[in-house]
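Working notes, beginning with the structure itself.
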Amino acid sequence: MIRKLLVILVALVLYGCSGEDGLFSSKAEGSVTNYDEDLHGTYASTYVPLDSKNIVIRNATVFDGIGNKFQNYDVHFSDGEIQAIGSELIVDGADEIDGTGKFITPGIIDNHSHMGVYPAPGVRTSSDGNEATNPVTAEVWAEHSVWSQDPQYKLALAGGITTFHVLPGSANLFGGRGVTLKNVSANTVPDMKFPGAPHSLKMACGENPKRVYSSRGPSTRMGNVAGYRDAWIGAEKYKKSLEKDPSQRNLRNETLVGVLDGEILVHNHCYRADEMATMINISEEFGYKVSTFHHGVEAYKIADLLADEGICAALWADWWGFKHEAYDMSIANIAIVDQARGGTGCAIVHSDSASGIQRLNQEAAKALAAGRRAGFDISEGRAMTWITKNPAKSLGILDQTGTLEQGKDADLVIWSGNPFSVYTKAEQVYIDGALTFDKATNFMPHTDFDLGIKEWEDK
Amino acid sequence: MKLFKILLLLPFIVFSDADDMYVIKGGMTFLPDGSFAKKDILVDEGQIILVADTIGDVGAENIIDAEGKYVTPGLIVFSSLGLLEIGALSQTNDTSSDIYNAGFDPSKAYNPFSQAVRLNRAKGVSSTVHVPGASGYFSGLLTYTKINDGYKQKKQGPLGLVTSYGESYGDSRAANLMFMEDLFDFVRSANDGDADEVQFIEGTNNEYKFTKRDLKAIRKVLNREMPLVIQVSKATDILNVLKFADNQEVDLVLWGAAEAHMVADEIARAGVPVILDPLDNIPGSFDSLNATYENVIRLNEAGVEMAFYYAQGAGAHNAYLATQSAGNSVAMGLDYGSAMKAITSNPAEIFGLVGVGSIAPGFDADLVVWDGDPLELMSNVENVLIDGMDQDLSNRYEELTERYTKEKELPNSYRSRE
């Protein structure tokens, strides 16, 4: 809680004194950039958690998100933070919940969502996910499209989602910046922004950009690659010119230089193995790092390379065949990536879907079953990292959420049974220690859009 | 009694080719009453001959030990399996037609060697109701096809005429109803001998041309030889199409029906079945603002007959995930038997399919042996019988998995395909 207040205070200070070096100024030597204040100043998170409970859940089965599964365990949280997990915890003054037969997991994290930028109902007037007017639109920010009243958030919340990452679409080589949001009800986007989460940059390989720009180019994969490299060369020039003229502004290059300086994380939509390898080459040429490949239907073909490079792969359990670059599917994709190089791979189950995000635990279960069928010895605890720790790592927020370790945000889910079963439901969801969803009492946020529509639903 | 039954069957057994005979022993078997019970199943000449607590030695060469396992009817899915290989590649997509509308039967394009067919068969699907893709006013005809290995498949149909009602139509939904009324009146009054191609409502700028084949399909609906299958979401639209079908004296099946729960009693009173995905709970359009997980629960309470398909994710390529939709419906509160029937016997019942969808004597031997609860996410398929033949469950995706997990010494393209 104190840390969170600090973040907000710092944000306010930066907002008031733009231009001064702050806590979040670039660490790169000799770099004079001015995106920092945008990153954590004017557009910084204004999220304030609801009041945290002080609760100890007793005698539950606990997935800690690091890879362990504990029987008959207790979880204590208060002041918005995980205080302790263990057996027979001694806690004074906390409300007690009997967790017998229940399962506890960290809050589920989806690192690939378009909720808010493609809200429901899906109509042209609020279809705001692809700025498909130029192959390079690194200057646009998904958070400036997000609709805070999207009725899909609460459906994801009922599936245990506490944090999600909203990306621009994949029409462009550079689609723009993504934003990481807490799954909370709010009237403004900054009120949902995950405090201190790094910005991200969406890039896209393959069929989509070359289809969208076929008449003006790029129209081929080699055209795509030339497009990325051209843009990075431009960013390098811009970075150099900042030394002479630090006051100049260029939104597109500020994003790209943010990547070169290691402040903005690259999330790269890329299906084919050979293209992912090319994208790694490009990152080496210009000295940045790819955080995560998304949708890599062929990631299993280069699982060792991904593990060696420390790149995560955010994948579907079983989507395939809807386009050519999604044809070489292996249902064991996630497991193979996870088990690469002696289990040092970083596999993530992502949704890219307002439906799939509601059941990310079920998608992980299918991927786990496929992995075991392919001969891997993978525990449920390990598979749980695919939807908790690993997406948190991919988004640069693992120091705050994604596991049930002491001092982390009290983002957690109480499940009716084993989350790898189709019959299991999230019963309660806590975000920063505050109850945000309670199945038994039908307690959940309702957006303004829901009012007057869902008359049949208990409010 | 049991002995008596077997004696009665003996002549049949003696004259049949023993290669075709299977006994599936001791599996928890899904029975037509919606329960599981431990049974032996005798299969011969493609059919289920006997379902009994124990079946002794009848000389069957093929014994499948299903002890500790589950046996269900083969899944009947609603999909475009075998009609398209890669969704976005039109060259491989035969689901829709610009030439024909009501009379379009996509099953003529069926490719039994589609990789999607092979994968779905390996996941427990024994047959599909082919769903034509939306194109023009009518999408076309529903037909039924077994997805067994080899060139020959048993087919049934046409089963229904597919159209849609609501926002998907370009004009006012009021005009949509008027159009359908006028069209049906026209077809009623027209003779079979009319010109091959008729531009309907001459003098308007509409583009609806109907060939003789199209008119014939519409006539089948008017003669109640098959139902009109209407894709519709909104509650008031559902009431309108119920009234339309009643006035026109045609049979109706509702498809999608996200807001059906709001008019569940009216649907039940009309005796109209609903085909839907229980997972469709997003207010994805202004026609489905009241979409909810509660849909199947309320329809079931009202007594509406339902069949399920899986409409999430990659669609037809993962049609087998109807089990996930059904499993989730159980989590929402539907009883297990109803959920399992919605992906096996109900599709057969709704469309009058003969001899499929249930485990009982006289039915086609379309059977799946599972290593666990068939609706659970982590259960695997062990055997699939279609028309009494144990199917080859190998598929390209298992091969790709093996190629990248085994024999890593050589570059992958030099590794064995076995």
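As the structure is a computational prediction, the values presented were derived from the model and not from experiment. In the text below, chain A, chain B and the rest are named by the order of the sequence lines, each starting its count at 1. The analysis underlying the following values was restricted to heavy atoms, covering all of them including side chains, and did not include hydrogens, waters or symmetry mates.
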Would a 4.5 Å heavy-atom cut-off, applied to side chains only, mark A/Arg373 and B/Thr401 as touching?
no
Among B/Val330, B/Leu321, B/Asn281, which residue forms the greatest number of heavy-atom pairs with chain A at distances under 4.5 Å?
B/Asn281
Where on B/Leu84 is there a heavy atom nearer than 4.5 Å to chain A: the side chain, the backbone, both, or neither?
neither
Would a distance-only check, ignoring hydrogens and angles, find a side-chain to backbone donor-acceptor pair under 3.5 Å from B/Asn318 to A/Asp318?
yes
Going by distance alone, is a donor N or O of one side chain under 3.5 Å from an acceptor N or O of the other, for B/Glu85 and A/Tyr327?
yes
Is it the side chain or the backbone of B/Asn93 that comes within 4.5 Å of chain A heavy atoms, both, or neither?
neither
So, for B/Gln324 and A/Val422, which heavy atoms are closest and what is the spacing to 0.1 Å?
O-CG2, 4.1 Å
Most contacts with chain A, counted as non-hydrogen pairs under 4.5 angstrom, among B/Ala116, B/Ser288, B/Gly313
B/Gly313
Check: B/Ile282 main-chain N/O paired with A/Gln152 side-chain donor or acceptor under 3.5 Å:
no
What distance do A/Ile453 atom CD1 and B/Phe286 atom CZ have between them, rounded to the nearest 0.5 Å?
7.0 Å
Of the non-hydrogen atoms in A/Ser421 and B/Leu377, which two are nearest, and what is the gap between them?
C-CD1, 3.9 Å
So which part of B/Ser285 gets closer than 4.5 Å to some heavy atom of chain A, the side chain, the backbone, both or neither?
backbone
Are the side chains of B/Thr405 and A/Gln339 in touch, meaning some heavy atoms are under 4.5 Å apart?
no
Between A/Pro151 and B/Pro283, what is the shortest heavy-atom contact and its length?
CG-CG, 3.9 Å
Sort A/Phe420 into side chain, backbone, both or neither according to what part of it lies under 4.5 angstrom from a heavy atom of chain B.
both
In short, B/Ala314 meets A/Phe322 closest at the heavy-atom pair CB-CD2, 3.9 Å
Verdict with supporting geometry, B/Gln312 and A/Gln358, side-chain hydrogen bond (donor to acceptor under 3.5 Å, both in side chains):
CA-CA 11 Å; B/Gln312 319 302 314; A/Gln358 299 178 41; over 6 Å; no
Quick one, B/Glu398 with A/Ile331, criterion side-chain contact (heavy atoms from CB on, under 4.5 Å). Give me CA distance, side-chain angles, the key distance, then yes/no.
CA-CA 8 Å; B/Glu398 298 272 352; A/Ile331 300 179; over 6 Å; no
So for A/Ser353, is it side chain, backbone, both, or neither that comes closer than 4.5 Å to the heavy atoms of chain B?
neither
In short, B/Met378 meets A/Ala369 closest at the heavy-atom pair CA-CB, 3.6 Å
Which region of A/Asn361, side chain (C-beta onward) or backbone (N, CA, C, O), has a non-hydrogen atom less than 4.5 Å from a non-hydrogen atom of chain B, or is it both or neither?
neither
Interface moiety of A/Arg359 toward chain B, non-hydrogen atoms closer than 4.5 Å
side chain
Which atom pair, heavy atoms only, marks the closest approach of B/Leu289 to A/Pro121?
CD2-CG, 3.8 Å
Under 30°, 30 to 60°, or over 60°: which ring-plane class applies to B/Tyr397 and A/Trp320, parallel, tilted or perpendicular?
tilted
Could you check A/Tyr300 against B/Arg403 for side-chain contact (heavy atoms from CB on, under 4.5 Å), going step by step and ending with a plain yes or no?
CA-CA 10 Å; A/Tyr300 66 95; B/Arg403 170 174 271 201; over 6 Å; no
Please tell me whether A/Tyr423 and B/Asp373 have a donor and an acceptor in their side chains that are separated by less than 3.5 angstrom.
yes
Please tell me if the side chains of B/Leu89 and A/Lys323 come closer than 4.5 Å, counting only heavy atoms from C-beta onward.
no
